[in-house]
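These numbers come from a predicted model, not from an experiment. Below, read A as the first sequence line, B as the second, and so on, with proteins coming before strands; counting in each chain starts at 1. Every heavy atom of this structure was used, including side-chain atoms; hydrogens, water molecules and symmetry mates were not.
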Amino acid sequence: MIKIKNEFFSIKDIWNSGQCFRMHPIGEDKYRVVVKGKCLEMEETQGEVVLFCTKEEFQNVWEDYFDLKEDYSVFFRNVSKEDRYLQRAASFGKGIRILKQDLWEMIISFIISTQNNIKRIRKCIDLLCKTYGKEIQEGIYAFPEPEELKNVTEEELRGLGLGYRSKYIVKTTQLIIRQEVSLEEIKRMDYQEAKKELQKLTGVGEKVADCVCLFGLHHFDAFPVDTHINQVLEREYGNQFPYEIYKGYRGVIQQYIFYYDFMRENH
DNA sequence: AAGCAGGGGACGT
DNA sequence: ACGTCCCCTGCT
């Protein structure tokens with residue numbers, strides 16, 4: 001059991017920040033996340049996070065996953081004092097961190113996210129895991145590997161409710177299985193190269209590529225612009241957002257804005 | 001009650 | 001540049 005008290009680390013903030021679709025509440029202040037065949041239960045009360053795992057597992061897996069070696073107070077403090085909106089957004093989502101998630105899982109997850117809402121995205125991904133992923137504990141399934149989706153047809157995926165995204169997933173899986181696009185090479189590329197390469201995949205446009213870069217490759221300058229973010233940039237900044245100020249951690253700023261706007265819309 | 005709009009976009013023309 | 005794509009939810 002690991003206890004962490006850090007005002008810049010909150011599961012409550014992270015689970016609804018839209019970067020992770022496999023984190024679920026499992027009770028009062030309790031959450032569970034499934035990552036690469038491992039499952040972690042967490043509890044957060046009074047600003048303290050408890051991770052139910054051994055010290056060894058924490059050091060090998062979760063410390064890196066939650067990016068806990070990075071000091072997010074720096075990004076928070078660097079928010080422009082004159083930018084009242086961003087000040088509010090950052091304070092609201094102070095506990096957000098950019099998770100280091102699996103590249104393949106991010107690609108498929110954000111293909112599913114297009115023209116879709118978070119609730120249904122979660123449902124689709126859960127169903128995908130239950131149908132094709134390995135059962136790692138009773139009732140808990142890992143995200144299926146590319147090999148496990150190799151022979152899946154468009155019709156099968158449509159049966160899961162993935163709609164027109166089904167053919168994108170079939171095609172993208174084929175491109176990766178055939179190594180026409182190499183995940184390992186993408187991991188070695190810088191942000192701009194990786195973003196361009198990802199867009200060779202079917203169903204991956206600029207926005208999805210940016211999400212994958214930020215959440216699956218930890219490229220901190222990726223700044224995904226969706227309809228919500230776009231509205232904020234227009235409304236609050238007249239489409240003149242000062243990107244240059246935040247070089248090196250624009251993705252963190254994007255998350256503050258997205259989460260703040262998302263929670264205001266939905267509550 | 002059923003009908004309709006819209007949701008973290010991308011693709012093909 | 002613009003219509004279309006699939007399913008679900010919430011509104012009317």
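With hydrogens and angles ignored, the 3.5 Å screen pairs no side-chain donor or acceptor of A:D210 with any backbone N or O of A:A222. Between the side chain of A:R22 and the main chain of A:R122, no donor-acceptor pair closer than 3.5 Å is present. For the pair A:D64 (side chain) and A:N60 (backbone), a donor-acceptor distance under 3.5 Å is absent.
Using atom P as the reference point in both B:dA10 and C:dT9, the two lie 23 Å apart (nearest Å). Comparing the same atom, P, in B:dC11 and in C:dC8 gives a spacing of 23 Å after rounding to whole Å. Of the P atoms belonging to B:dA5 and C:dG3, the separation is 15 Å, rounded to the nearest Å.
Phosphate contact (OP1/OP2 of C:dC6, side-chain N/O of A:R158, threshold under 4.0 Å): present. Taking 4.0 angstrom as the limit, A:T227 places a side-chain polar atom (N or O) nearer than this to OP1 or OP2 of B:dG9.
Distance A:Q115 CD to C:dT9 P: 16 Å, rounded to the nearest Å. Remark: P of C:dC7 and CD1 of A:I125 are 17 Å apart, rounded to the nearest angstrom. Between the P atom of B:dA10 and the CD1 atom of A:I111 lies a distance of 10 Å, rounded to the nearest Å. One can place CG of A:L162 at 10 Å from C1' of C:dC7, the figure rounded to the nearest angstrom. In this structure, A:L127 atom CG and C:dC6 atom P are separated by 18 Å, rounded to whole Å. Distance, A:I108 CD1 to B:dA10 C1': 15 Å, rounded to whole Å. Rounded to whole Å, atom P of B:dG9 lies 9 Å from atom CG of A:N116. Atoms CG (A:N117) and C1' (B:dG6) sit 10 Å apart, rounded to a whole Å.
Judged by closest nucleotide on DNA chain C, A:G161 is the one of A:K119 and A:G161 placed further toward the 5' end.
Summarising the local packing, CD of A:E244 is surrounded by more than 12 heavy atoms from other residues, nucleotides or ligands at distances under 6.0 Å.
Looking at heavy-atom distances under 4.0 Å, A:I118 makes contact with a base. Residue A:C124 is classed as having no contact, given no heavy-atom separation below 4.0 Å to the nucleic acid. Nucleic acid contact for A:V208: sugar-phosphate only, since backbone atoms but no base atoms lie under 4.0 Å from a heavy atom of the residue.
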Could I get a table of every N or O pair under 3.5 Å where one atom is in the protein and the other is in nucleotides 11-13 of chain B?
| residue | atom | partner | partner atom | Å |
| --- | --- | --- | --- | --- |
| B:dC11 | OP1 | A:G203 | N | 2.7 |

Which protein N or O atoms sit under 3.5 Å from an N or O of nucleotides 2-4 of chain B?
none

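Between A:E41 and A:K30 there is no salt bridge, since no side-chain N of the basic residue sits under 4.0 Å from a carboxylate O of the acidic one. Comment: A:K196 does not engage A:E193 in a salt bridge, judged by the lack of any side-chain N to carboxylate O separation of less than 4.0 angstrom.
Residues A:Y237 and A:D83 are in side-chain contact: their nearest non-hydrogen atoms beyond the backbone lie under 4.5 Å apart. Residues A:L40 and A:F66 are in side-chain contact: their nearest non-hydrogen atoms beyond the backbone lie under 4.5 Å apart.
Using modelled atom types, one finds no donor on one side chain facing an acceptor on the other under 3.5 Å when comparing A:S166 with A:E154.
Ring-centre distance between A:F220 and A:F75: below the 6.0 Å cut-off.
Side-chain atoms of A:R120 and base atoms of C:dC8 include no donor and acceptor less than 3.5 Å apart.
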